[in-house]
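Let me begin by presenting the structure, written as structure tokens, before commenting on it.
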2 protein chains.
Amino acid sequence: MSLGQELIASRVEAFRQMLADRGQRATSQRLEIYRYLLETQLHPTAEEIYRALRERFPAMSLATVYKTLELLGDLGLVVAVGPPDGPSRYDGNPEPHINVTCLGCGAIIDLEDEQVAGWKEAVAKRSGYTIVASRHDFLGFCPACRK
Amino acid sequence: MSLGQELIASRVEAFRQMLADRGQRATSQRLEIYRYLLETQLHPTAEEIYRALRERFPAMSLATVYKTLELLGDLGLVVAVGPPDGPSRYDGNPEPHINVTCLGCGAIIDLEDEQVAGWKEAVAKRSGYTIVASRHDFLGFCPACRK
DNA sequence: CTTAGTGCAAATGGTTTGCAGGCAG
DNA sequence: CTGCCTGCAAACCATTTGCACTAAG
């Protein structure tokens with residue numbers, strides 16, 4: 001499930017290129033936040049990203065994390081997932097897939113599913129909407145939290 | 001897609017029975033909030049429910065709406081849906097189905113899909129989680145907001 | 001009668017915003 | 001150089017909570 005260094009690097013590079021095309025700046029904060037999201041499998045909250053990157057960027061602010069996450073969302077590189085209550089969690093995999101969220105501890109795991117990938121067009125046709133993203137959250141309890 | 005008066009009445013009655021079984025009280029606020037959710041197809045926010053019922057219950061408070069929505073969620077009668085930004089929207093149909101949300105105007109439509117209904121067990125088996133609910137949100141733009 | 005539930009208002013907490021100064025291009 | 005971005009702190013707003021009063025059983 002992990003992405004591999006060279007794939008991560010190429011995605012970060014693609015991000016840099018998208019910024020250049022839009023006349024926006026590839027700051028180290030933006031690149032590192034995106035890289036961290038690609039590296040981790042933990043679907044962190046904004047706060048968790050902030051704390052994790054604070055070690056390398058002691059001066060970075062939480063507001064910058066939020067602004068960058070919004071930018072990444074607009075570019076379609078990151079989607080917000082997770083339970084309706086509690087803070088949003090961010091997923092660096094924008095392709096349609098299934099998230100399984102534990103209501104006890106907040107852990108989220110991904111499941112790939114080729115059925116989901118084909119749904120976007122079917123839903124667009126049935127609804128008349130232009131679809132830009134989708135979320136598939138299953139809420140429940142992981143084995144450790146079941147008791 | 002509308003439910004019909006007798007089906008609504010039977011669901012409200014089932015809610016009343018669940019409350020009795022748990023030793024909780026069937027107040028008029030609780031019953032009317034649930035009835036309103038079953039009647040409307042608009043996936044209202046807590047604020048919208050509050051304003052709609054204020055005509056009939058001028059003294060009802062927004063806090064009661066939130067408390068009742070949490071109760072209905074615990075009972076599995078209502079699920080929160082909608083885009084990650086902005087307030088939660090509530091859906092009186094707890095069966096797995098697809099929501100299509102307009103990022104422009106916030107409108108949400110439902111799509112029934114028998115494939116989704118069968119996923120719960122498949123996901124439970126693949127993930128090892130106990131699944132209690134699921135949300136399937138497609139985000140995009142409705143015909144009117146597309147421009 | 002008893003106590004769960006309500007209404008009110010204040011508190012909470014995730015997220016957003018305004019602005020002065022700092023780097024990318 | 002130029003102005004887009006950042007960091008900071010204050011503002012915002014959906015949601016939650018504490019408490020005295022009300023009504024369901």
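A note on names: the letters A, B, ... follow the listed sequences, proteins ahead of strands, and every chain is numbered from 1. Worth knowing before you read on, the calculation uses all heavy atoms, side chains too, and leaves out hydrogens, waters and symmetry mates.
The side-chain contact (heavy atoms from CB on, under 4.5 Å) check on B:Ile109 picks up A:Ser127, A:Tyr129, B:Val100, with sequence neighbours excluded. Scored by the side-chain contact (heavy atoms from CB on, under 4.5 Å) test, B:Arg54 finds B:Tyr50 as partners (sequence neighbours excluded). With sequence neighbours excluded, the residues forming a side-chain contact (heavy atoms from CB on, under 4.5 Å) with B:Glu48 are B:Pro44, B:Thr45, B:Arg51, B:Arg89, listed by chain and number. Residues forming a side-chain contact (heavy atoms from CB on, under 4.5 Å) with B:Arg126 (at least two apart in sequence, or on another chain): A:Leu111, A:Asp113.
Among residues at least two apart or in separate chains, side chain to side chain donor-acceptor pair (under 3.5 Å) pairs with a member in residues 136-145 of chain A are A:Ser134-A:His136, A:His136-B:His136, A:Asp137-B:Arg135. Residue pairs satisfying the side chain to side chain donor-acceptor pair (under 3.5 Å) criterion with at least one member in residues 114-123 of chain B, sequence neighbours excluded, are absent. Screening residues 25-41 of chain A for salt bridge (Lys or Arg N to Asp or Glu O under 4.0 Å), with sequence neighbours left out, gives A:Glu32-A:Arg35, A:Glu32-A:Arg56. Evaluation of the side chain to side chain donor-acceptor pair (under 3.5 Å) test over residues 8-20 of chain B, restricted to residues two or more places apart or in two chains, returns B:Glu13-B:Arg16, B:Gln17-B:Asp21.
Rounded to 10 degrees, the angle separating the terminal helix axes of the helix from C:dC1-D:dG25 to C:dG25-D:dC1, each built from five base pairs, is 40°.
Considering only side-chain N and O atoms, A:Thr64 lies under 4.0 angstrom from the phosphate OP1 or OP2 of D:dG7.
The main-chain N or O of B:Tyr36 is never found under 3.5 Å from a side-chain atom of B:Thr40 such that the two would form a donor-acceptor pair.
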Got a list of protein N/O to nucleotides 14-17 of chain D N/O distances below 3.5 Å?
residue	atom	partner	partner atom	Å
D:dT15	OP1	B:Ser88	N	3.2
D:dT15	OP1	B:Ser88	OG	3.3
D:dT15	OP2	B:Tyr66	OH	2.4
D:dT15	O5'	B:Tyr66	OH	3.4

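Of the residues in residues 18-37 of chain A, those with a non-hydrogen atom less than 4.0 angstrom from any atom of DNA chain C are A:Arg25, A:Ala26.
Here A:Val79 is tied into one hydrophobic group with A:Val81, A:Ile108, each link being a pair of ILVMFWY side chains closer than 4.5 Å.
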